[in-house]
Amino acid sequence: MSSAAEQEAVREGERPLPAAGPRPAPNGRPRGADGSGPPVRPGAPNPLGARYRVGPDGVAGTNFALWAGGAEAVELCLFDASGAEVRLPLTELTHEIWHGFVPGVGPGQRYGFRVHGRWDPWTGARWNPAKLLLDPYARAVDGEYALPPEVYGHVRDWPQQHVADTVRDDRDSAPFVPKGVVVHDDAPDDEWADDRRPKTPWADSVIYELHVRGFTRLHPRIPPELRGTYAGLAHPAAIGHLVRLGVTAVELLPVHQFAHEDHLLRRGLRNYWGYNSIGYFAPHAGYSASGTAGQQVGEFKRMVRALHEAGIEVILDVVYNHTAEAGELGPTLSLKGIDNRGYYRLQPDARRYADYTGCGNTLHVVRPQVLRLITDSLRYWVTEMGVDGFRFDLAAALARSMHDVDMLSPFLAVIAQDPVLRRVKLIAEPWDVGNGGYQVGAFPPLWTEWNDRYRDAVRDFWRGALPDLRDLGYRVSGSSDLYAWGGRRPYASVNFVTAHDGFTLRDLVSYERKHNEANGEGNRDGTNDNRAWNCGAEGETDDPDVNALRRRQIRNLLTTLLLSTGVPMLVSGDEMGRTQGGNNNAYCQDNEIGWLDWSLLGRPGPDGLLALTSRLLALRGAHPVLRRRAFFSGRPQTPDGLRDLAWFTTRGAEMTEQDWYAPSSTLALFLSGRDIPGRDARGAHVTDDSFLIVLHAAGRPTAFRLPGPPWAEEYELVVDTSREDQSAAPGTVHRGGERTTVPARSVLLLRVRDGG
């Protein structure tokens, strides 16, 4: 059969399954399956979503509004506690928004939409009223997604698999999908009214990436009923650890309502990380201890407030680049059934999806209604849920105009002028999987970026794989080669050695190869580019020398990160030696592999690591020279020729250009605190101690001559990572010009004692 004939046959063929329920009444009167139902008033097209309110006549109810550009009709579906459904047509249409006000419907009401229109996947039209759709603006979601055949808009088992996605499935999906919940957005909340945001400046920030469920699931001092929830993260035991550590912000892995992929459910696994969003306004119901009929909203707010009271900001990892509906073979859960062509980027043939994310689809952010959905969601989380910023997953996909990544794209332009969003913390993951998607250093001022070039350089240095010192020099001094343009500052670089995606810090020094067999994908998933060194044995070992070296390497990596210029990001558990058993892609491990093992703090070793991390963060907080707001100039700052940043060889001489190109395992940098650019809150010039940092990655000690005057008369040793006990500062004093020994594979931090 020819392609054209085949398409026509599928379009005109009989529907293989029975239709789901009645269509709207021709006269537009609201009706349920039996012709009954509450009356529907015209209502208003704005705001979108379900908003409970009291009308001018004193009648309380809920206004429902849904953008569905090319739809022919929209039904509002209300569900009672038993699951019985009443369908009410929304007959009012204003600027492609279907709307209506339903008196008597209030908070706690479960609902969804059915959207009618053409079924013609060959042109991108995938309307199917048999599928109950989640409101994109739902403030809360009740229930979880299972993915039986009924939730797919097409017939999954159609015998001609190459056209299966073009044959409509008319079975009702309502019993198998969660529902939106009406929430009283404007309800008074005395506990929330006096919330005070910490507003930590970027240069002073330390980010701690954590998973709400994984961080609290095994904590012995959190009540069992609160573990794995927003309330668990708000518990004093959880917050106490963050305060003791000294971080200023938590970056939460996705907390938007998400769905589990079908291929994971078939293997008895679940999406753990949450990068599969389906509800951009709803806190994920699975993390709620108080209920899922809207209570999760208040619980999330109380968590934010508790963190704010401790001086800790809340940053959300958000996934606006794709949704859980995947590609043409994915389920129909929300946007695909509302207006597939209006929400998603489609390939030229319109049947298939443009995929810049590796997840099957890409939201078409150039379109006004998609841009509105994203910015409305962002503003909601800031103004009503209290969060302080966002980390944008695969942000390059959001910055694409028609095809190419464009730093003048509508998304970036709207964010830059938005009076709410331009004032919060904005972090880009500056890449996607499409052509030209790698954009590290390219995002405009206002944005900070995950700097994977920092990660790679630091990992390579400590495993002995850097050809020379040039890249490392740029990374530890703020990556001026990437960010010193257009008014950007050192804090545009979010420095990290590990993230949720990849090895933990302990695994980075214990494994060279990924061990993802538990994911059920034949160990094919996850990156092979780990830039890891196992210190002589793959995996766990009883060899005391190997384990001692691993602990030292962890200290080296952590110390390098926390002494580097830029914004450091730690991953939860790295400060206590957490392992995932070599799994570098634990996205589906909602179990002990993915959860934080708090019993580590009771074992030898990790307490010292925690003490070192806390002490380094305290040092960073006390010394502005370690968290500069402007790039180093490298030029003399004082009459005696002292520069704000100088680099030294092991001979105690300043590095020449030739030294930068020569292979070396030792890098020393002098940070002068005599005259730091900027002023304090009172307008006074900022001065600080000066420091010498020595990074030595070789397996043997090296002799090192400490720079003498004008750099320093004396130095005090503050940190020595070769020491197993890191609970106190070494305190040893050295004369400037003195030859000293730098231990094998170690970091030394020395403070100038004479005010130099």
Side-chain angles (χ1 to χ4, degrees), residues 218 241 245 455 458-465 496-499 502-518 530-563 570-584 586 589 592-616 665 694-702 719-730 741-749:
L218 298 177
H241 179 79
L245 194 57
R455 174 200 64 197
V458 171
R459 288 187 179 192
D460 283 348
F461 175 75
W462 285 109
R463 70 188 181 106
F496 65 102
V497 176
T498 58
F503 282 151
T504 67
L505 199 55
R506 176 173 162 184
D507 288 352
L508 187 66
V509 301
S510 304
Y511 299 88
E512 293 181 5
R513 303 181 303 276
K514 64 187 181 184
H515 296 268
N516 299 352
E517 290 81 6
N530 295 300
R531 300 174 187 253
W533 178 46
N534 62 20
C535 298
E538 184 72 3
E540 297 298 311
T541 178
D542 294 329
D543 188 319
D545 293 334
V546 171
N547 286 328
L549 177 56
R550 288 175 176 176
R551 291 193 296 271
R552 181 182 294 200
Q553 287 289 81
I554 290 175
R555 294 194 295 270
N556 291 335
L557 291 160
L558 265 176
T559 302
T560 304
L561 173 65
L562 298 181
L563 295 181
L570 296 165
V571 178
S572 65
D574 275 354
E575 75 278 11
M576 60 180 79
R578 173 177 168 260
T579 179
Q580 292 179 166
N583 192 319
N584 74 352
Q589 298 300 326
E592 286 79 1
I593 294 175
W595 301 339
L596 180 52
D597 180 7
W598 289 91
S599 70
L600 288 168
L601 291 182
R603 303 174 191 174
D607 282 333
L609 183 61
L610 178 61
L612 173 65
T613 307
S614 298
R615 190 155 62 85
L616 286 168
S665 55
V694 183
L695 311 174
H696 179 58
R700 294 181 178 179
T702 187
V719 173
D720 176 359
T721 61
S722 70
R723 296 163 55 100
E724 190 77 40
D725 181 8
Q726 292 292 320
S727 60
T741 298
V742 180
R745 296 192 177 94
S746 65
V747 180
L748 301 183
L749 175 66

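All heavy atoms count here, side chains included; hydrogens, waters and symmetry mates do not. What you are looking at is a predicted structure, and each value in this text was computed from that prediction instead of being measured.
- Checked against side-chain hydrogen bond (donor to acceptor under 3.5 Å, both in side chains), Glu512 has no partners two or more places apart in sequence or in another chain.
- When each of Thr541, Asp543, Asn547 is checked for a side-chain contact (heavy atoms from CB on, under 4.5 Å) with Asp545, only Asp543 meets the rule.
- Every residue meeting the side-chain hydrogen bond (donor to acceptor under 3.5 Å, both in side chains) condition with Ser599, not counting sequence neighbours, appears here in chain and number order: Asp597, Arg603.
- Between the Arg459 side chain and the Val497 main chain, a donor and an acceptor come within less than 3.5 Å of each other.
- In this structure Arg578 satisfies the salt bridge (Lys or Arg N to Asp or Glu O under 4.0 Å) test with no other residue, sequence neighbours excluded.
- Residues passing the side chain to side chain contact (heavy atoms under 4.5 Å, CB included) test with Ala548 are Arg551, sequence neighbours excluded.
- Every residue was checked against the ring-ring contact (aromatic ring centres under 6.0 Å, His included) condition with Trp533, not counting sequence neighbours, and none meets it.
- Remark: Ala499 engages Glu209, Trp450, Phe496, Met569 in a side chain to side chain contact (heavy atoms under 4.5 Å, CB included) (not counting sequence neighbours).
- We find the CG-OG1 distance between Asn583 and Thr504 to be 10.0 Å, quoted to the nearest 0.5 Å.
- With sequence neighbours left out, the salt bridge (Lys or Arg N to Asp or Glu O under 4.0 Å) criterion links Arg463 to Asp460.
- Using the six-membered ring where Trp is involved, Phe503 and Tyr511 have ring planes that are tilted, between 30° and 60° apart.
- Scanning for side-chain hydrogen bond (donor to acceptor under 3.5 Å, both in side chains) contacts around Thr579 gives Asp507, with sequence neighbours left out.
- Legend: residues meeting ring-ring contact (aromatic ring centres under 6.0 Å, His included) with Phe461, ordered by chain and number and at least two apart, are absent.
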Q. Could you go step by step and tell me if Glu575 and Leu245 meet the side-chain contact (heavy atoms from CB on, under 4.5 Å) rule?
A. CA-CA 9 Å; Glu575 75 278 11; Leu245 194 57; 3.9 Å; yes

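- The structure places OG of Ser572 at 5.5 Å from CG of Leu596, a figure rounded to the nearest 0.5 Å.
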Q.
The test is side-chain contact (heavy atoms from CB on, under 4.5 Å); show your working for His696 and Leu748 and say whether it passes.
A. CA-CA 8 Å; His696 179 58; Leu748 301 183; over 6 Å; no

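- Asn584 meets the side-chain hydrogen bond (donor to acceptor under 3.5 Å, both in side chains) test with Asn516, Asn530; sequence neighbours excluded.
- Taken from CG in Leu557 to OG1 in Thr498, the straight-line distance is 9.0 Å, to the nearest 0.5 Å.
- Separating the CG atom in Asn556 from the CZ atom in Arg745 is a distance of 9.5 Å, to the nearest 0.5 Å.
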(Q) Using the rule given for side-chain contact (heavy atoms from CB on, under 4.5 Å), can you reason through His515 versus Glu538, listing the C-alpha separation, both sets of side-chain angles and the distance that settles it, and then say yes or no? (A) CA-CA 10 Å; His515 296 268; Glu538 184 72 3; 2.8 Å; yes

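- Taking the salt bridge (Lys or Arg N to Asp or Glu O under 4.0 Å) definition, one finds that Arg506 meets it with Glu540, sequence neighbours left out.
- With sequence neighbours excluded, the residues satisfying side chain to side chain contact (heavy atoms under 4.5 Å, CB included) with Thr559 are Leu563, Leu612, Leu616, Val719, Thr721, Val747.
- Put simply, the side chain of Gln589 gets close to the backbone of Ala518: a donor and an acceptor are under 3.5 Å apart.
- Scanning all heavy atoms of the two residues, the minimum distance from Arg550 to Ser510 falls at NH2-O, 3.4 Å.
- In this structure, CD1 on Ile554 lies 5.0 Å from CG on Leu505, to the nearest 0.5 angstrom.
- Taking CG from Leu218 and CD from Glu592, the interatomic distance works out to 6.0 Å, rounded to the nearest 0.5 Å.
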